[in-house]
Engineer: 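Sharing a structure with you now.
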Protein chains: 2
Amino acid sequence: MREFRPVATRRAFEEIASQIRGRLARQGLRAGDRLPPERELAGQFHVSRNTLREALRSLEIAGLLELKKGATGGAFIKEGGGDAAVAGLADLYHLGTIKPEHLTEARIVIGTEVARLACLRRTKEDLATLEANVAAAEHATTKGDMVNRALVNYEFHRLLARAARNPVLTILTDALMEMTRHFVESVGYMPNRYVMPSRHRLLACLRTKDGDAAAREMESMLKRLQRFHLAAYGLNAGRKK
Amino acid sequence: MREFRPVATRRAFEEIASQIRGRLARQGLRAGDRLPPERELAGQFHVSRNTLREALRSLEIAGLLELKKGATGGAFIKEGGGDAAVAGLADLYHLGTIKPEHLTEARIVIGTEVARLACLRRTKEDLATLEANVAAAEHATTKGDMVNRALVNYEFHRLLARAARNPVLTILTDALMEMTRHFVESVGYMPNRYVMPSRHRLLACLRTKDGDAAAREMESMLKRLQRFHLAAYGLNAGRKK
DNA sequence: GTCTCTCAATGGTTCAACCAATTGTTTCGA
DNA sequence: TCGAAACAATTGGTTGAACCATTGAGAGAC
């Protein structure tokens with residue numbers, strides 16, 4: 001019944017990283033804690049400093065550690081911020097595993113629910129920040145600053161996701177915005193006349209905490225954006241290097 | 001207007017990893033391609049082999065490379081499978097950034113839409129695989145094998161996500177199931193009487209490609225599961241080490 | 001007190017080996 | 001001729017020692 005498991009020909013640095021991960025998971029180590037210096041850790045694990053460094057490097061890339069130089073430096077347990085997960089998802093877009101049609105579809109699925117939850121859970125501060133963001137977007141639009149307008153617009157979605165108070169959605173939204181940014185850069189910035197009006201309707205929903213209306217508004221806006229993006233993608237599909 | 005940017009005190013291995021990433025993004029390197037041997041690459045970048053290895057290590061952890069030993073070994077460009085992103089999200093659960101209440105909520109949001117899309121896009125093969133999975137779950141249930149039943153149930157969601165044909169949702173579902181697995185292991189396995197009936201209703205929706213009905217069924221099931229899980233979490237909240 | 005300067009601690013990098021796994025080739029025997 | 005065992009070449013994995021670069025705390029001068 002049970003299959004054979006591949007023999008554990010684990011590399012030394014994997015074993016070390018695994019042990020440190022284990023202590024993290026068991027709450028033996030907490031954010032902000034400092035690990036012993038490399039030279040000492042190498043001694044504890046009975047490996048060379050190079051090998052230990054590869055282990056630390058892997059944990060750093062995974063977003064679990066932060067390495068600081070200097071007298072009071074060292075390896076610090078990082079607050080889980082999701083950067084690594086965002087980078088991992090963004091890589092998949094670069095690799096072509098995630099294509100623009102997947103990206104736009106995922107944005108609709110996630111964005112709709114983010115808008116709904118944000119409506120229900122937003123604080124006054126969230127609302128003020130979002131209103132400021134929309135004002136900044138208006139400003140960039142009237143100035144014709146497409147690049148900044150795009151950046152402010154990504155930020156709107158990120159802020160909205162934070163207001164939804166669910167880190168899974170936050171991180172996913174960050175990743176989707178990162179991919180969208182790359183997408184837009186590759187097909188070129190283009191003006192449109194429906195995003196800003198949608199923003200104001202969305203703000204109205206946020207003020208009245210009407211989650212269903214916000215979800216409908218966001219879905220409708222994202223679907224228009226999807227058609228817009230995929231059309232631009234189709235036009236430019238053949239000319240990429 | 002423009003803020004100062006932190007001076008780029010990039011480490012050597014970061015610069016190398018960035019260059020290789022860049023070639024990947026520009027399609028200069030494709031899945032399956034092999035990079036030159038470490039000794040040669042180190043020469044090309046004018047760094048020591050150790051430093052080069054830290055760069056390769058970081059790319060390996062990010063899921064972009066696979067390192068193989070032996071005469072025909074080397075650093076191979078990996079097919080983008082999302083393992084790194086899944087691990088990154090799972091780490092956030094272990095770190096406590098993502099809590100059980102976030103997990104269960106995200107599962108409802110994602111699972112509902114996955115069910116809807118899977119209904120619309122599933123092939124005959126998808127349906128057959130899902131039916132086989134439910135049969136296996138039935139078998140494990142009647143045998144009282146809770147552990148296997150749980151594993152088969154996670155697999156159901158993963159299969160359903162694959163049928164939805166969107167890698168973002170696939171990877172996210174994989175990550176959510178990984179977190180759920182850890183959650184269930186920590187609070188203990190518990191029987192319930194509503195998952196299996198729900199599975200059969202879901203299969204019926206899949207057969208008739210009724211996406212809305214599938215979404216409703218999945219949402220309802222996941223909400224029951226949410227109450228179930230959070231209740232178990234509350235009971236066990238105080239006794240964790 | 002407060003401002004420098006110094007210095008020790010720590011991560012970053014280099015170098016030169018050698019170990020270990022894998023594969024292709026050669027050799028030798030049946 | 002064929003197959004298996006021995007060998008050699010290639011490549012990643014590991015080691016150890018040394019030196020560089022950065023950082024911050026403490027000593028010392030004013």
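Side-chain atoms are counted along with the backbone in the values below, which use heavy atoms only and exclude waters and symmetry mates.
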Engineer: Measure the distance from CG on L59(B) to C1' on dG12(D) and round it to the nearest whole Å.
Structural biologist: 16 Å
Engineer: Please report the distance, rounded to the nearest Å, between CG in L35(A) and C1' in dT10(C).
Structural biologist: 13 Å
Engineer: In whole angstroms, how far is the C1' atom of dT11(D) from the CZ atom of R34(B)?
Structural biologist: 8 Å
Engineer: Does R11(B) place a side-chain N or O at less than 4.0 Å from the phosphate oxygens OP1/OP2 of dA21(D)?
Structural biologist: no
Engineer: Could you check how far CZ of F13(A) sits from P of dG12(D), rounded to whole Å?
Structural biologist: 14 Å
Engineer: Using a cutoff of under 3.5 Å, can you pull out all pairs of nitrogen or oxygen atoms linking the protein to nucleotides 25-28 of chain D, with atom names and distances?
Structural biologist:
none

Engineer: Taking the side chain as every heavy atom from C-beta outward, state whether V184(B) and Y154(B) have any atom pair closer than 4.5 Å.
Structural biologist: yes
Engineer: I need the CZ-P distance between R39(A) and dG12(C), as an integer number of Å.
Structural biologist: 11 Å
Engineer: Would you kindly say whether R149(B) and H139(B) are connected by a side-chain donor-acceptor distance under 3.5 Å?
Structural biologist: no
Engineer: For K78(A), is there an ion pair with E66(A) - N to carboxylate O distance below 4.0 angstrom?
Structural biologist: no
Engineer: Compute the ring centroids of H182(A) and Y93(A), then answer whether they are less than 6.0 Å apart.
Structural biologist: no
Engineer: Measure from the side-chain N and O atoms of R23(A) to the backbone N and O of Q19(A), and report whether any donor-acceptor pair falls under 3.5 Å.
Structural biologist: no
Engineer: Can you check the E66(B) CD to dT22(C) P distance for me, whole Å?
Structural biologist: 13 Å
Engineer: Rounded to whole Å, please give me the gap between CD in E38(A) and P in dT15(D).
Structural biologist: 14 Å
Engineer: Checking D126(B) against T123(B): is there a side-chain donor and acceptor pair closer than 3.5 Å?
Structural biologist: yes
Engineer: Would you call R11(B) and E60(A) a salt bridge, taking side-chain N to carboxylate O under 4.0 Å as the test?
Structural biologist: yes
Engineer: Checking side-chain hydrogen bond (donor to acceptor under 3.5 Å, both in side chains) against N166(B), which of E105(A), H102(A), K99(A) comes through?
Structural biologist: E105(A)
Engineer: For residues 42-57 of chain B, which residues have at least one heavy atom under 4.0 Å from DNA chain D?
Structural biologist: R49(B), N50(B), R53(B), R57(B)
Engineer: Going through the distances and angles, do R162(A) and D174(A) end up as a salt bridge (charged side-chain N to carboxylate O under 4.0 Å, His left out)?
Structural biologist: CA-CA 10 Å; R162(A) 270 151 189 79; D174(A) 286 354; 2.8 Å; yes
Engineer: When the distance from NZ of K69(A) to C1' of dG11(C) is rounded to whole Å, what number comes out?
Structural biologist: 7 Å
